[in-house]
2 protein chains.
Amino acid sequence: MSHFPNHSEENYLKVIFKLQQKKLRKLNNIAIANALDLNPATVLEMVRKLVKKNLLELKEDKSIQLTEKGKKKALLTIRRHRLWEVFLVNKLQYKWNEVHDLAEQLEHIEAKDLTDRLETFLGHPVYDPHGDPIPDKNGKIKAHETIALSSAIKGKHYIVKSFADTSDVFLDYLSQQEIKPGLKIKIVQLHEFDQSLEILSGKKQFQLSQKVALNIFIQPL
Amino acid sequence: MSHFPNHSEENYLKVIFKLQQKKLRKLNNIAIANALDLNPATVLEMVRKLVKKNLLELKEDKSIQLTEKGKKKALLTIRRHRLWEVFLVNKLQYKWNEVHDLAEQLEHIEAKDLTDRLETFLGHPVYDPHGDPIPDKNGKIKAHETIALSSAIKGKHYIVKSFADTSDVFLDYLSQQEIKPGLKIKIVQLHEFDQSLEILSGKKQFQLSQKVALNIFIQPL
DNA sequence: CTTTTTTATTTGGTATGCCAAATATTTAGA
DNA sequence: TCTAAATATTTGGCATACCAAATAAAAAAG
C-alpha cells in the first residue's frame with residue numbers, strides 16, 4: 001500500500017496557495033520551508049517533483065507558482081479542511097480555536113463522495129468557524145471584501161470576519177479576548193506611535209497591538 | 001510533523017487481534033502476511049518492533065500474541081473504526097457495505113477527545129452498522145448481560161443500557177420519548193397481540209412497539 | 001564593480017515500511 | 001527417521017520524505 005503520499009503533497013500545495021495569496025514578493029523555497037518548518041533542500045526536492053507533476057511551475061524570475069491544476073488541488077484540500085472544521089465545531093462541540101490541527105489530519109482523507117456528503121450533512125455551510133469561505137466542489141471560492149483591522153478608520157463600525165494567522169497561540173489569544181467571527185466592533189482610537197488600536201465591542205473596550213490587528217479581517221458595517 | 005507512524009502499527013495490532021479471536025492454531029507471520037497482504041519478511045520486521053515496544057509477545061511455541069497493552073491498543077483502534085462506520089452510515093448516508101475502507105483511514109486519526117465526542121454525537125451506539133460491538137473508551141467490549149426490552153418480564157424493574165439501532169430516526173424517536181441510557185423503568189403491561197409493552201418511568205407511562213423494544217437493551221435492577 | 005549576504009543546489013545520510021530471493025530451520029508426512 | 005513441505009530469517013534493495021553541511025550562484029549592499 002502506498003503510504004498516503006497525498007499528505008505531503010497536499011500540504012505543500014495548500015501552503016503555497018496561502019503564501020501566493022499574501023503576495024509577498026516572489027515565492028521562494030525558503031519561504032515555503034519556513035511555512036512548513038522544513039529544510040530548504042527538502043522543499044527543493046518536492047518542488048521539482050510537483051513541477052514534474054504539473055502542479056507547480058517556475059516563472060522566468062524563478063518564483064514558484066501553482067499551475068491551474070495545482071491551484072484547484074490546493075483549493076479542494078482547503079475545502080475539505082474547512083468543512084471538517086465546521087463538523088468539529090457544529091457537531092462535536094469543539095471550540096472554534098481548537099480544531100485547526102485536527103482538521104489538518106482529516107483534510108487528507110479521500111473517498112468517493114466524502115466531501116460532498118459531508119457538505120450536505122452540514123447544510124452547505126459557506127464559511128468555516130474561523131470565518132473563512134469554503135470553496136465549492138469545483139474549487140471556486142467566494143472572494144470576500146474584507147480588510148485588515150490594521151487599516152480600519154477611527155470612529156467607524158465593523159464586523160469581524162476572519163483571521164490570517166491560524167496558529168494555536170493566536171487563536172488562544174483571540175478566544176481569551178472573546179474575539180470571534182461575527183463580533184461587531186467600533187474603532188475608538190488609533191495610536192500612531194505603535195500602530196495599536198482601541199476597540200469597543202458592546203460595553204467592552206480593549207487595546208490590540210498592530211501585530212494582532214494585521215491578522216484580523218473585518219468588513220465595514 | 002510526524003509521519004503517521006501509528007497507521008501501520010495499528011493495522012498490525014488490529015489484524016492480530018482479529019486473527020487471535022479466530023483461534024486458528026498458533027498465529028504465525030504468514031497468517032498475518034496474508035491478512036495484511038504483505039511479505040512475511042516485512043511482517044517479521046514489524047513483529048520484532050512491536051515485541052520491542054511491548055505490544056506483542058512470542059510464546060514458548062513461537063506463536064505471536066498481543067500483550068495486554070497491545071490488546072488495548074487494538075481495541076481502541078477497533079473502537080474508532082466502528083464509531084466512524086456508524087457516522088458514515090447514519091450521518092452521511094453511506095451504505096453499510098461501502099464504509100469499511102473509509103473507516104480504515106479515519107480510525108487512525110488521533111486527537112484529544114475526538115473518539116469520545118464522536119461517540120456522544122452518535123448517541124453512544126453499541127453496535128456498528130455491521131452488527132459488531134463497539135469497545136468502550138477503556139477498550140472493553142461489553143460482554144453484555146443485557147437483554148432486549150422485548151424479553152422483559154411484567155412488573156419487574158430495569159435500567160436502560162443501550163440500543164441496537166443507532167439510526168437517526170430511531171435516536172430521534174428515543175430522544176422524543178426521553179429514553180436514554182440510565183433511564184429506570186418498570187414494565188407495567190405486556191400486550192401479547194402485537195408484542196408491545198407499557199412502561200413506567202418516574203410518573204411518565206408510555207407504550208412501545210415490539211420493533212422499538214427489540215432495539216433497546218436493558219438490565220434487571 | 002567587488003564584497004557580503006541570501007538563496008539555491010548538491011551531496012551524502014537517516015528512518016519507515018515495504019519487496020524479492022536466497023537460505024536456514026522447523027514441522028510433518030511417509 | 002528421513003525427507004519434503006512449510007515457515008522463519010537473512011540479505012540486499014526500493015521509494016518517500018526528511019536532514020545537515022558543503023558549495024555554487026544570485027542578489028543586494030557598499
Side-chain angles (χ1 to χ4, degrees), chain A residues 1-16 19-20 22 24-53 55-65 70 73 77 104-105 107-110, chain B residues 1-16 19-20 22 24-65 70 73-74 77 104-105 107-110:
Chain A
M1 180 183 289
S2 78
H3 259 230
F4 307 98
N6 46 320
H7 286 207
S8 239
E9 203 171 292
E10 286 176 0
N11 284 333
Y12 276 87
L13 294 177
K14 212 178 52 163
V15 155
I16 291 167
L19 291 173
Q20 244 179 222
K22 286 195 188 161
L24 309 165
R25 318 168 193 190
K26 54 182 193 177
L27 182 54
N28 63 23
N29 291 328
I30 290 186
I32 297 170
N34 288 337
L36 286 167
D37 197 21
L38 294 175
N39 187 296
T42 305
V43 171
L44 177 65
E45 262 181 14
M46 184 59 109
V47 164
R48 279 176 177 159
K49 197 180 122 187
L50 295 176
V51 167
K52 215 173 263 170
K53 286 182 119 179
L55 294 163
L56 293 181
E57 58 192 351
L58 299 175
K59 290 188 68 181
E60 327 76 51
D61 67 343
K62 293 204 168 179
S63 73
I64 296 160
Q65 273 213 325
K73 217 168 180 243
T77 303
E104 202 86 351
Q105 292 181 61
E107 75 190 10
H108 300 298
I109 285 177
E110 220 130 29
Chain B
M1 181 179 289
S2 77
H3 258 233
F4 306 99
N6 47 320
H7 286 206
S8 238
E9 203 171 291
E10 287 176 0
N11 284 334
Y12 276 87
L13 294 176
K14 212 177 55 163
V15 155
I16 292 167
L19 291 173
Q20 244 180 222
K22 286 192 188 164
L24 308 165
R25 315 168 193 189
K26 57 183 194 177
L27 182 53
N28 62 24
N29 291 328
I30 289 187
I32 298 170
N34 287 338
L36 286 167
D37 199 20
L38 293 175
N39 188 296
T42 306
V43 171
L44 177 64
E45 261 180 15
M46 184 59 107
V47 164
R48 280 176 176 158
K49 197 180 123 187
L50 295 177
V51 166
K52 216 174 264 169
K53 285 181 120 181
N54 197 31
L55 294 163
L56 293 181
E57 57 192 351
L58 299 175
K59 289 188 66 182
E60 325 75 51
D61 66 344
K62 291 204 169 179
S63 74
I64 296 160
Q65 272 211 328
K73 216 167 180 241
T77 303
E104 203 85 351
Q105 292 181 59
E107 74 190 11
H108 301 298
I109 285 177
E110 222 132 27

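In what follows, chains are A, B, ... by sequence order, proteins preceding strands, each numbered from 1.
For C:dT27, one of the phosphate oxygens OP1 or OP2 lies less than 4.0 angstrom from a side-chain nitrogen or oxygen of B:Lys26. Contact check, B:Thr42 against C:dG17: no side-chain N or O comes under 4.0 Å of OP1 or OP2. Using a 4.0 Å cut-off, some side-chain N or O of B:Lys49 falls inside it from OP1 or OP2 of C:dG17. Contact check, B:Ser8 against C:dT16: no side-chain N or O comes under 4.0 Å of OP1 or OP2. Look at B:Tyr12 and you won't find any side-chain N or O under 4.0 angstrom from OP1 or OP2 of C:dT16. Look at A:Arg48 and you'll find a side-chain N or O under 4.0 angstrom from OP1 or OP2 of C:dT10.
What separates CG of B:Leu38 from P of C:dA20 is a distance of 10 Å, to the nearest Å. In this entry the distance linking CG of B:Asn28 with C1' of D:dT7 reads 7 Å, nearest Å. Counting to the nearest Å, the P atom of D:dT7 and the CD1 atom of B:Ile64 are 12 Å from each other. Taking atom CG of B:Asn29 as the reference point, atom P of C:dT27 lies 13 Å away to the nearest angstrom. Atoms NZ (A:Lys62) and C1' (D:dA24) sit 11 Å apart, rounded to a whole Å. Between the P atom of D:dG12 and the CG atom of B:Leu44 lies a distance of 16 Å, rounded to the nearest Å. C:dC19 atom P lies 12 Å from atom CG of B:Asn34, rounded to whole Å. Atom-to-atom, CE of A:Met46 to P of C:dA8 comes out at 17 Å; the value is rounded to the nearest Å.
Atom CG in A:Leu13 sits 9.0 Å away from atom NZ in A:Lys53 (nearest 0.5 Å).
In this structure, of D:dT11, C:dT9, C:dC18, it is C:dC18 that holds the atom nearest to the side chain of B:Glu45. The listed nucleotides are D:dT11, D:dA21, D:dA8; the one nearest the side chain of B:Ile30 is D:dA8.
Within the 4.0 angstrom heavy-atom criterion, base atoms lie near B:Asn39. Within the 4.0 angstrom heavy-atom criterion, only backbone atoms of the sugar-phosphate kind lie near B:Asp37; the bases stay farther away.
Residue whose closest nucleotide on DNA chain D sits further toward the 5' end, between B:Ala31 and A:Asp61: B:Ala31.
The closest donor-acceptor contact from the side chain of A:Lys26 to the backbone of A:Ile64 lies at 3.5 Å or more, if one exists at all.
Scanning for salt bridge (charged side-chain N to carboxylate O under 4.0 Å, His left out) contacts around B:Lys73 gives B:Glu9, with sequence neighbours left out. Not a single salt bridge (charged side-chain N to carboxylate O under 4.0 Å, His left out) links A:Lys62 to another residue, sequence neighbours left out.
Summarising the local packing, CG of A:Asp61 is surrounded by more than 12 heavy atoms from other residues, nucleotides or ligands at distances under 6.0 Å.
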